[in-house]
J.: 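Just passing along the structure, written as structure tokens.
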2 protein chains.
Amino acid sequence: MVRLKIKDILQNGKTGEKTLVKAWVRTKRGSKNVNFIALNDGSTIHNLQIVADTEKFDEHLLREINTGAALAVEGLLTESQGSGQNVELAAEKIELLGKADPEKYPIQPKKHTLEFLRENAHLRFRTNTFGAVFRMRHAMAFAIHNYFNQKGFYYLHTPIITASDAEGAGQMFRVSTFDPLNPPLTEEGKPDYSKDFFGRPTNLTVSGQLEGELGALALGEIYTFGPTFRAENSNTTRHLAEFWMIEPEMAFYDLKDNMDLAEEFLKYLIRYALDNCRDDLQFLGNRLSQEEKNKPKEQRSMDLVEKLEFVLNSEFVRITYTEAIDILKNSKPYKKKKFQFPVDWGVDLQSEHERYLVEKHFKCPVILTDYPKAIKAFYMKQNDDDKTVRAMDVLFPQIGEIIGGSQREESLEKLEKRMDEMNIPAEEMWWYLDTRRYGSVVHSGFGLGFERFVQFVTGMGNIRDVIAFPRTPKSAEF
Amino acid sequence: MVRLKIKDILQNGKTGEKTLVKAWVRTKRGSKNVNFIALNDGSTIHNLQIVADTEKFDEHLLREINTGAALAVEGLLTESQGSGQNVELAAEKIELLGKADPEKYPIQPKKHTLEFLRENAHLRFRTNTFGAVFRMRHAMAFAIHNYFNQKGFYYLHTPIITASDAEGAGQMFRVSTFDPLNPPLTEEGKPDYSKDFFGRPTNLTVSGQLEGELGALALGEIYTFGPTFRAENSNTTRHLAEFWMIEPEMAFYDLKDNMDLAEEFLKYLIRYALDNCRDDLQFLGNRLSQEEKNKPKEQRSMDLVEKLEFVLNSEFVRITYTEAIDILKNSKPYKKKKFQFPVDWGVDLQSEHERYLVEKHFKCPVILTDYPKAIKAFYMKQNDDDKTVRAMDVLFPQIGEIIGGSQREESLEKLEKRMDEMNIPAEEMWWYLDTRRYGSVVHSGFGLGFERFVQFVTGMGNIRDVIAFPRTPKSAEF
């Protein structure tokens with residue numbers, strides 16, 4: 001007999017059908033005559049209720065059916081009497097596949113803190129919350145591939161181990177096979193990297209963009225979706241040392257095309273979540289409301305589904321950085337000195353400023369463009385004003401910047417000049433500059449931090465709760 | 001005016017339509033009166049032919065139209081007079097977007113060796129061969145996600161930086177933020193890893209399987225698709241230091257279910273390639289025939305499309321390792337001492353043996369099962385004979401092993417005993433063993449090396465030619 005998944009049983013099961021299910025026990029309750037066992041196999045947030053007449057089954061067997069145990073149950077589907085589902089399974093045969101000692105199994109049917117579950121990340125997939133989070137993470141990853149494939153973009157695997165520091169984007173992890181105590185040395189007493197595995201110093205990538213541009217300037221439109229790394233000592237709810245990024249890069253796109261793509265892309269993903277993850281969204285929305293119920297009303301989040309629909313139905317406002325500075329300088333919190341960080345033309349905006357623009361001023365997602373060149377990377381296209389570059393940041397409610405991108409500088413001369421000003425060694429970047437030497441074209445791209453986006457669609461407050469096994473300072477468990 | 005992609009123009013373009021195209025020059029030829037310019041934008045292997053009356057355009061402009069230059073061309077589609085396509089574009093406006101100096105641009109319209117193009121990997125996407133390879137690599141990656149998503153598998157991102165050595169699978173790359181010359185030391189003079197970024201020694205992952213099992217034993221069916229690493233000093237056409245692996249892991253699957261999945265999966269991918277990549281396959285097939293035309297007939301490969309159709313239409317033979325040893329011992333090459341490596345029960349099979357079974361004996365893909373436990377990993381399910389484990393390797397023509405997998409040992413007791421025999425520290429694997437302590441079930445999984453598979457479908461002989469920027473000993477360029 002073929003086992004059915006619980007999702008299929010609950011959606012398509014007909015009363016009277018003989019059915020085999022294999023799954024894990026979430027809860028058991030009951031009386032002397034009948035046991036109700038809630039089973040979950042990961043295919044849906046919902047449990048299948050098993051009804052077991054105690055007289056049909058061995059007492060010893062029933063005693064082993066505890067939370068976390070694995071069962072195979074055969075029986076007939078019957079109309080449900082009140083489990084919240086259409087059908088339940090009247091057990092005829094129950095096989096105990098794997099026990100779970102209730103004295104030892106950590107995931108008991110009670111409220112666990114997210115911190116506790118993080119310490120038990122190997123088992124937290126077995127909870128409602130993390131089942132929902134990881135199903136949605138999957139759905140969003142699939143939607144990303146689907147979106148780009150439909151549009152004719154090619155998925156490019158850019159290198160993880162790299163000898164280049166793409167953006168000077170902060171501290172990097174070194175990759176080496178040297179004996180850590182006795183690396184071979186040069187005559188000058190420096191590590192002799194010519195003897196290391198790759199014959200040179202290597203790091204974990206901070207971005208696939210520069211290699212992505214090489215692909216785009218031949219294949220037209222590409223995207224990356226891979227792990228990236230930052231060796232920053234940031235112990236926050238927003239930072240990971242290892243996280244996944246999506247970086248589309250497109251030949252013949254100017255900044256407007258880039259903004260259009262970013263907006264369409266984000267809306268596609270949100271629409272996909274609303275269309276395909278309703279049950280999980282509902283559960284996660286309720287979880288969030290519960291979590292926040294003791295907060296003052298004005299600090300509570302918008303309802304999760306409402307928030308997604310709100311973004312989906314908004315036309316993103318597009319203004320320049322300079323216009324944003326003006327708005328901020330004329331704002332109440334600025335005048336009342338409520339902002340913690342300064343607002344002056346030339347400084348990078350902080351989360352408080354971004355959220356003011358999105359949540360208070362425009363009340364919708366905002367795309368800021370044309371940032372001061374001093375606070376942006378060398379490869380961004382320079383405007384004629386000699387002060388700003390054709391950067392764009394997409395700002396979302398609650399999280400601030402969710403996408404950062406730009407039109408890229410296609411002029412070899414301007415790019416070399418800017419690299420020189422910023423002390424970026426052009427000779428190491430010969431391959432990048434070659435794309436401007438030969439058949440250079442207008443092109444653009446952006447980056448989306450996958451975990452930040454999954455936080456947005458799941459409502460999870462801590463980034464460590466949307467990746468399976470988070471890597472953070474002093475922690476690489478599992 | 002909106003630019004159209006060349007793929008769309010060649011498929012759907014109607015004569016008389018006003019059309020804008022932006023692309024790179026592949027070749028230019030012509031006479032005093034007319035220039036024929038072949039343009040490619042990466043959307044297809046085929047070029048769009050531009051017909052430019054020399055009298056309509058500036059002489060200087062026409063002189064700058066060299067291989068590698070980027071153009072925007074506006075004109076009317078006309079019936080093609082012999083470019084091999086239905087339509088060509090009669091140019092009305094030509095804009096030179098980016099030049100390519102014919103004295104310097106490396107990718108001239110002549111035959112380049114694959115070695116030369118590897119040294120110019122940043123530009124090789126602009127050739128027919130690598131355009132086709134990377135479009136097919138994309139198509140196969142998308143097909144993988146599509147297959148698993150349709151079957152209800154969840155994509156799980158397992159960690160890249162890890163403190164565990166999943167299979168003892170050989171040398172690993174260390175990941176650290178220590179000063180390479182002066183790492184902090186313990187009192188005993190060892191590196192003080194408590195002061196390293198993660199507070200312990202960390203490496204790049206060799207496999208996501210063990211973490212994948214954690215996901216499967218809660219969510220049901222998961223798969224990974226991510227980079228994995230081997231610090232092996234192997235300079236061959238089959239090895240990379242950084243490569244991508246797909247590792248599905250399924251609760252409630254025994255070895256037969258595992259084999260069924262592997263066969264269905266591979267056939268799905270091949271069917272997808274045949275249905276969606278015909279033009280690129282045709283080109284790559286011709287390339288391979290050209291490459292091999294000077295080889296003796298018996299050493300030539302099967303035609304690429306024929307090879308894929310052959311695998312698609314075969315039922316994979318399934319035999320045990322022990323049966324395979326018998327077949328090999330009774331084979332002609334064994335009796336004539338033509339095998340380089342020994343054939344004895346207990347030794348690992350070599351590529352020559354695998355290829356004999358597939359190409360000579362059965363003449364179809366073969367799945368070998370139940371290998372000697374001594375040559376397989378600790379986590380494989382032990383058979384009752386106490387000699388073999390429920391491993392499976394899928395063997396393909398030309399490349400030998402393409403998939404390796406097994407049913408996993410679900411018994412805590414047996415697993416602990418085997419780990420003890422193999423000196424694997426159980427205390428570091430507490431989280432893995434927990435899945436056998438709590439709700440353990442029959443489960444299985446396998447791994448597919450993505451680049452090996454892309455080699456198979458593209459016919460490329462060197463693994464460095466199917467990944468954008470290969471990482472190999474002494475090489476981490478770009």
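To find a chain, count down the sequence lines: A is the first, B the second, and so on, and within it residues start at 1.
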J.: Based on non-hydrogen pairs under 4.5 Å, which of B/Ala216, B/Pro191, B/Gly220 is most in contact with chain A?
T.: B/Pro191

J.: Does any backbone or side-chain atom of B/Asp196 lie under 4.5 Å from a heavy atom of chain A? Answer side chain, backbone, both or neither.
T.: backbone

J.: Measure distances from B/Leu185 to the heavy atoms of chain A and classify the residue's part below 4.5 Å as side chain, backbone, both or neither.
T.: side chain

J.: By a 4.5 Å heavy-atom criterion (distance strictly below it), what part of B/Ser411 contacts chain A: side chain, backbone, both, or neither?
T.: neither

J.: Taking side chain as everything from C-beta outward and backbone as N, CA, C, O, which of these in A/Trp431 sits under 4.5 Å from a heavy atom of chain B? Side chain, backbone, both or neither.
T.: both

J.: Of the backbone (N, CA, C, O) and the side chain (C-beta and beyond), which part of B/Pro180 lies under 4.5 Å from a heavy atom of chain A, both, or neither?
T.: both

J.: At a heavy-atom separation under 4.5 Å, does B/Ser176 approach chain A through its side chain, its backbone, both, or neither?
T.: both

J.: By a 4.5 Å heavy-atom criterion (distance strictly below it), what part of A/Phe142 contacts chain B: side chain, backbone, both, or neither?
T.: side chain

J.: Pick one of side chain, backbone, both or neither for A/Ala23, based on which atoms fall under 4.5 Å of a heavy atom in chain B.
T.: backbone

J.: Quick one: what part of B/Pro227 sits under 4.5 Å from any heavy atom of chain A, side chain, backbone, both or neither?
T.: side chain

J.: Report the distance from atom CG of A/Asp434 to atom CG of A/Leu214, rounding to the nearest 0.5 Å.
T.: 9.0 Å

J.: What residue in B/Val442, B/Leu217, B/Thr435 has the most heavy-atom pairs under 4.5 Å with chain A?
T.: B/Leu217

J.: Does any part of the side chain of B/Ile467, heavy atoms only, come nearer than 4.5 Å to the side chain of B/Trp244, both counted from C-beta?
T.: yes

J.: Which atoms of A/Leu123 are under 4.5 Å from chain B, going by heavy atoms: the side chain, the backbone, both sets, or neither?
T.: side chain

J.: For A/Ala69, is it the side chain, the backbone, both, or neither that has a heavy atom closer than 4.5 Å to a heavy atom of chain B?
T.: backbone

J.: Between B/Arg437, B/Lys104, B/Lys195, B/Glu428, which has the largest tally of heavy atom pairs under 4.5 Å with chain A?
T.: B/Lys104

J.: So, are B/Glu221 and A/Arg3 salt-bridged, with charged N and O less than 4.0 Å apart?
T.: yes

J.: Below 4.0 angstrom, N of the basic side chain to O of the carboxylate: do A/Lys5 and A/Asp8 qualify?
T.: no

J.: Report which part of A/Pro183 has an atom under 4.5 Å of a heavy atom belonging to chain B: side chain, backbone, both, or neither.
T.: side chain

J.: Check each atom of B/Tyr193 against the heavy atoms of chain A and say whether the ones under 4.5 Å are side chain, backbone, both or neither.
T.: side chain

J.: Quick check on the interface: out of A/Ile160, A/Thr177, A/Leu181, A/Val175, who has the most heavy-atom pairs with chain B under 4.5 Å?
T.: A/Ile160

J.: Which bit of B/Phe225 is near chain A, if near means a heavy-atom gap under 4.5 Å: side chain, backbone, both or neither?
T.: both

J.: Less than 4.5 Å to any heavy atom of chain B: does that hold for the side chain of A/Ala121, its backbone, both, or neither?
T.: neither

J.: Does the side chain of A/Ile6 reach to within under 4.5 Å of the side chain of A/Lys22, using non-hydrogen atoms?
T.: no

J.: Please look at A/Arg137 and chain B and tell me whether the side chain, the backbone, both or neither of the residue comes under 4.5 angstrom of a heavy atom of that chain.
T.: side chain

J.: Using the salt bridge (Lys or Arg N to Asp or Glu O under 4.0 Å) rule, collect all pairs that involve residues 468-478 of chain A, keeping only residues at least two apart or in two chains.
T.: A/Glu477-B/Arg200

J.: Chain A: which of B/Trp430, B/Tyr432, B/Phe148, B/Phe178 shares the most heavy-atom pairs with it under 4.5 Å?
T.: B/Trp430

J.: Quick one about B/Asn128 and B/Arg26 (side-chain donor to acceptor, distance below 3.5 Å, no hydrogens or angles considered), yes or no?
T.: yes

J.: Can you find a pair of side-chain heavy atoms, one from A/Thr127 and one from A/Ile107, that are under 4.5 Å apart?
T.: yes

J.: For chain B, which of A/Lys190, A/Glu410, A/Lys99 has the most heavy-atom pairs under 4.5 Å?
T.: A/Lys99

J.: Go through the atoms of B/Leu412 and report whether side chain, backbone, both or neither lie under 4.5 Å from a heavy atom of chain A.
T.: neither

J.: Between B/Phe252, B/Phe134, B/Phe478, B/Phe173, who has the most heavy-atom pairs with chain A when the cutoff is under 4.5 Å?
T.: B/Phe252

J.: What part of A/Leu204 gets closer than 4.5 Å to chain B, counting heavy atoms only: side chain, backbone, both or neither?
T.: side chain

J.: If you count heavy-atom pairs under 4.5 Å between each of A/Tyr154, A/Phe125, A/Phe153, A/Tyr155 and chain B, which one has the most?
T.: A/Tyr154

J.: Which atoms of A/Ser194 come close to chain B, meaning under 4.5 Å heavy atom to heavy atom: side chain ones, backbone ones, both, or neither?
T.: backbone

J.: A side-chain contact here means heavy atoms from C-beta on lying under 4.5 Å apart; do A/Tyr105 and A/Thr67 qualify?
T.: yes

J.: Checking B/Arg124 against chain A: side chain, backbone, both or neither under 4.5 Å from a heavy atom?
T.: neither

J.: Of the backbone (N, CA, C, O) and the side chain (C-beta and beyond), which part of A/Thr472 lies under 4.5 Å from a heavy atom of chain B, both, or neither?
T.: backbone

J.: Tell me which of these, A/Gly98, A/Ala218, A/Ser43, has more heavy-atom pairs under 4.5 Å with chain B than the rest.
T.: A/Ala218

J.: Flag the one option from B/Pro201, B/Ala468, B/Gly199 with the top tally of heavy-atom pairs under 4.5 Å to chain A.
T.: B/Gly199

J.: Which atoms of B/Leu156 come close to chain A, meaning under 4.5 Å heavy atom to heavy atom: side chain ones, backbone ones, both, or neither?
T.: side chain

J.: When heavy-atom pairs shorter than 4.5 Å are enumerated against chain B, which of A/Ile222, A/Ile161, A/Val441 gives the highest number?
T.: A/Ile161

J.: Report the option among A/Arg135, A/Lys7, A/Glu242, A/His157 that has the most heavy-atom pairs separated by less than 4.5 Å from atoms of chain B.
T.: A/His157

J.: Among all residues two or more places apart in sequence or in another chain, which pass the salt bridge (Lys or Arg N to Asp or Glu O under 4.0 Å) test with A/Arg436?
T.: A/Glu213

J.: If we only count heavy atoms from C-beta on, is the B/Lys151 to B/Tyr147 side-chain gap below 4.5 Å?
T.: yes

J.: State, with a plain yes or no, whether a side-chain heavy atom of A/Gln171 is found less than 4.5 Å away from one of A/Asn233.
T.: no

J.: Heavy-atom distance under 4.5 Å to chain B: side chain of A/Pro473, backbone, both or neither?
T.: both

J.: Is any side-chain heavy atom of B/Leu71 less than 4.5 Å from a side-chain heavy atom of B/Leu97?
T.: no

